[in-house]
Amino acid sequence: MHRNRPHKSTPQFIGGVVLLLIALYSLLGGIWLAALGGSWYYAALGIVLLASVGLLWRRLETGLWLYALILAATLVWGLWEAGADFWALAPRYGLLFLLGLWLLAPPATRGFAAPRAARTAIGVVMAGMLAVLVYGIFNDPQEIDGTLARAQPAQARPVAGVAAEDWPSYGRTEGGVRYSPLTQINNQNVKALEVAWTYRTGDFRTENDSAETTNEVTPIKVGDKLFLCTPHQFLDALDPATGKRLWRYDPKLKADKSFQHLTCRGVSYHDAGNTERFAISLAKAGNAAPPACPRKVLLPTNDGRLIAVNADNGQKCTDFGENGEIDLQKSMPHAYPGGYNPTSPPVVTATTIVIGGSVTDNFSNKEPSGVIRGYDVRTGALKWVFDTGAQDPNAMPGEATPFVHNSPNAWAPLAYDAQADVVYVPTGVGTPDIWGGDRGPLKERYANSILALDATTGRLIWHFQTTHHDLWDMDVPAQPSLMDVTLPDGRSVPAVYVLTKTGNVFVLDRRDGRPIVPVTDKPVPQTVARGPQTRGERYAPTQPFSALDLAPSEKLTDKDMWGATMLDQLMCRIIFKRLNYDGIYTPPSENGTLVFPGNLGVFEWGGMSVNQDRQVALMNPIGLPFVSRLIPEDANRPMREKGAGTESGVQPMYGVPYGVELNPFLSPLGLPCKAPAWGYVAGVDLQSHQVVWKKRIGTIRDSLPQLFQLPPLKIGVPGLGGPISTAGNVMFVAATQDNYLRAFDVNNGELLWEGRLPAGGQATPMTYAINGKQYVVIMAGGHGSFGTKMGDYLVAYALPD
């Protein structure tokens with residue numbers, strides 16, 4: 001007897017169509033991925049889903065059982081690929097889980113003969129998925145749970161000439177330690193921190209400013225004054241107890257959209273009376289007349305000047321340079337406004353100011369020089385040069401012999417060893433960065449290196465190269481950190497810690513540059529796998545790798561791809577398989593090359609914090625891949641006028657056979673294609689040079705529109721800015737894409753406190769004491785190209801009275 005089946009309800013029809021579309025997408029995309037050598041899961045999923053849809057359409061219970069089988073297979077597949085990692089599993093399980101919820105609803109199975117057992121099976125597998133996800137939240141396989149062994153001594157060792165309550169240099173000391181001996185705020189009471197005062201600079205990005213307008217400043221504090229610079233290089237002196245402005249100096253910056261950067265990371269301070277701090281360099285100099293400004297603040301400006309300002313009253317030091325200024329564009333080849341851009345504070349010794357600067361990346365092969373220079377701290381007269389592209393780097397320029405164009409620059413902060421009178425200079429690559437076929441031996445000799453120079457004469461003592469023939473923008477991006485490390489055999493060795501974009505931390509004896517932690521030269525990719533070979537290019541056969549490496553992954557696979565759902569994750573897998581990628585240092589290509597670590601690097605300008613008392617380091621590494629795609633061009637094409645400054649998108653590289661397009665590796669939905677985490681905090685034992693603890697940092701709270709806000713689960717987001725630490729066993733760091741300043745326990749990385757910031761905190765904090773009260777200060781001003789909220793807030797935190 002024929003039995004009439006009821007018509008399908010609207011929910012059944014809509015659900016069936018959704019399942020059908022997902023099945024077809026998975027089948028077609030899965031076949032494409034499998035053809036590229038990727039996972040067969042998606043193709044198999046598409047086939048089984050189509051069968052399930054057909055059976056469900058006919059209201060057969062077998063379709064439900066088949067869907068339960070799909071869920072069970074996906075549960076096992078997800079664990080096999082990603083382990084119990086919540087954020088890696090969520091897109092693998094999420095969409096199928098939601099469809100499973102729909103199938104459990106009575107309207108979805110209306111008209112089925114006996115669906116209860118099959119629906120129970122679906123529910124059981126879904127409960128297993130949910131249990132795995134909950135387990136992954138509390139048992140993160142990417143995190144390292146350990147405890148740093150050595151306790152903080154009762155008395156932190158003093159630094160000659162640096163008062164315990166001050167922060168007189170960018171890295172507190174010019175050795176870049178970013179560590180304070182203060183203990184009033186500690187890991188027991190930091191949770192009580194509250195806003196003590198907020199200062200508004202009133203300096204905002206305008207429509208005529210660079211897209212790369214940023215607030216990256218770390219203030220300095222000396223005695224009864226706090227000094228900071230703003231993006232337009234206003235120099236402000238504040239009362240450190242109240243945040244009230246004492247004076248402002250306006251350099252009348254001549255900025256426009258063509259500047260690649262509009263930022264000021266900090267200023268430098270010189271006190272001619274601080275003889276304890278600079279005994280070695282003073283002895284070299286002999287007697288000198290006292291300057292008119294015995295206490296001066298040195299302000300670098302993005303239009304290529306260095307200005308000396310009287311720290312007492314905010315007036316120019318008129319006996320310095322030409323009416324208080326040095327023209328850093330003097331003797332520069334191909335000089336133009338913004339082409340040579342000092343964004344980091346200089347090193348200041350008793351006698352010498354040592355300064356580098358950035359050069360516009362990837363615009364042309366006719367750019368200014370990356371020369372490092374030493375100026376007399378009293379008069380501003382040029383004392384010495386170190387031109388990284390010259391046959392004789394110390395040769396002074398003449399009227400007809402300017403510096404060497406496009407020589408490797410030193411844009412990151414420098415470090416200084418006052419006991420040895422040696423300055424440590426991190427260098428980048430000679431621009432254009434992504435094609436180097438025209439770079440001769442002199443342009444490569446000191447690129448991507450750490451240089452040890454005599455600070456008084458500029459003579460080279462030693463150098464160590466961290467990347468050979470760089471084609472990936474792997475500059476040495478951060479201020480080196482100086483510390484005496486105790487080796488396992490009990491010897492104390494003066495060390496310099498060199499952070500790199502690759503994630504390698506090179507630990508060198510700062511007397512001769514020899515590695516303390518082993519360095520191994522390893523073979524790296526030599527050919528372009530897909531697309532035409534790059535014209536006129538060559539590749540370094542090996543690259544140096546340190547045994548201390550904070551890179552988040554040795555080599556990505558398609559298992560590491562991510563998305564909001566399994567659908568865009570599938571597309572990320574396909575894109576990944578189509579790119580050229582054979583691990584770190586895969587050559588750039590016309591086809592497109594995955595660059596990981598990406599252009600932001602594992603480490604950036606924020607550096608790290610080292611505590612010699614405990615022999616530990618605190619770091620905040622990141623990991624976000626980029627894609628570079630070479631664009632064939634006529635090397636002799638005419639150069640257009642400079643446009644808006646940027647470090648991503650299409651870059652012309654005039655004068656060489658290619659332009660280049662650089663972008664983060666994102667899905668069609670605009671999310672990172674690599675699975676999180678993209679940002680961590682880590683604690684390293686510097687005697688064993690082992691990562692003892694490592695935690696994700698940050699949420700996506702401020703990365704999505706309010707309408708799509710998710711619970712603020714810790715995912716691990718990228719950050720720009722560095723950490724500091726204190727003898728109170730607290731690590732402070734902001735930097736992340738969500739607007740917070742956070743405090744972590746130095747011992748184990750436990751999150752102790754987080755303060756909500758009014759704007760992005762892409763800066764390194766600092767701490768000081770005044771009138772017996774300790775403050776922690778952070779610039780919350782945002783970062784134009786990083787996408788965080790812009791602002792003008794300097795926020796100080798303290799414990800309640």
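What you see is a predicted model, and the numbers here were worked out from it, not measured in a lab. Worth knowing before you read on, the calculation uses all heavy atoms, side chains too, and leaves out hydrogens, waters and symmetry mates.
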Report the residues that fulfil side-chain contact (heavy atoms from CB on, under 4.5 Å) with Pro597, sequence neighbours left out, ordered by chain and then residue number.
Ile584, Val602
Any donor-acceptor pair under 3.5 Å linking the side-chain atoms of Asn302 with those of Thr263?
no
Pairs involving residues 593-605, ordered by first then second residue, that meet side chain to side chain donor-acceptor pair (under 3.5 Å) (sequence neighbours left out)
Ser589-Thr593
Do Ser546 and Asp549 pair up side chain to side chain, a donor and an acceptor below 3.5 Å, judged on atom types alone?
no
Hey, could you give me each pair passing side chain to side chain donor-acceptor pair (under 3.5 Å) that has a residue in residues 518-531? Not counting sequence neighbours.
none
Between Glu633 (side chain) and Pro657 (backbone), is there a donor-acceptor pair under 3.5 Å?
no
Regarding Asp85 and Gln142, do their side chains bring together a donor and an acceptor under 3.5 Å, going by distance alone?
yes
List in chain and number order the residues that pass salt bridge (Lys or Arg N to Asp or Glu O under 4.0 Å) with Arg265, two or more places apart in sequence or in another chain; answer none if no residue qualifies.
Glu216
His468 and Gln543: side chain donor to acceptor below 3.5 Å
no
If we count only N and O atoms by modelled type, under 3.5 Å, do the side chains of Asn341 and Thr343 hold a donor and an acceptor together?
no
Can you tell if the side chain of Thr427 reaches within under 4.5 Å of the side chain of Asp475, non-hydrogen atoms only?
no
Check for a donor-acceptor pair, side chain of Asp470 on one end and backbone N or O of Trp472 on the other, with a separation under 3.5 Å.
yes
What side-chain donor-acceptor pairs closer than 3.5 Å can you find for residues 428-437, not counting sequence neighbours?
from: Thr431; atom 1: OG1; to: Thr360; atom 2: O; distance (Å): 3.4
from: Thr431; atom 1: OG1; to: Asn362; atom 2: N; distance (Å): 2.7
from: Thr431; atom 1: OG1; to: Asp433; atom 2: OD1; distance (Å): 3.3
from: Trp435; atom 1: NE1; to: Arg535; atom 2: O; distance (Å): 2.9

Does the Lys NZ or Arg CZ of Lys577 fall within the cation-pi geometry relative to Trp32 - under 6.0 Å from the ring centre and within 45° of the axis?
no
Side-chain donor-acceptor contact under 3.5 Å, Glu367 with Tyr340:
no
Taking atom types as modelled and ignoring hydrogens, do the side chains of Tyr585 and Thr467 form a donor-acceptor contact shorter than 3.5 angstrom?
yes
Parallel, tilted or perpendicular: rings of Phe464 and Phe506 (30°, 60°)
tilted
Taking only residues two or more places apart in sequence or in another chain, which ones pass side-chain contact (heavy atoms from CB on, under 4.5 Å) with Arg514?
Asp512
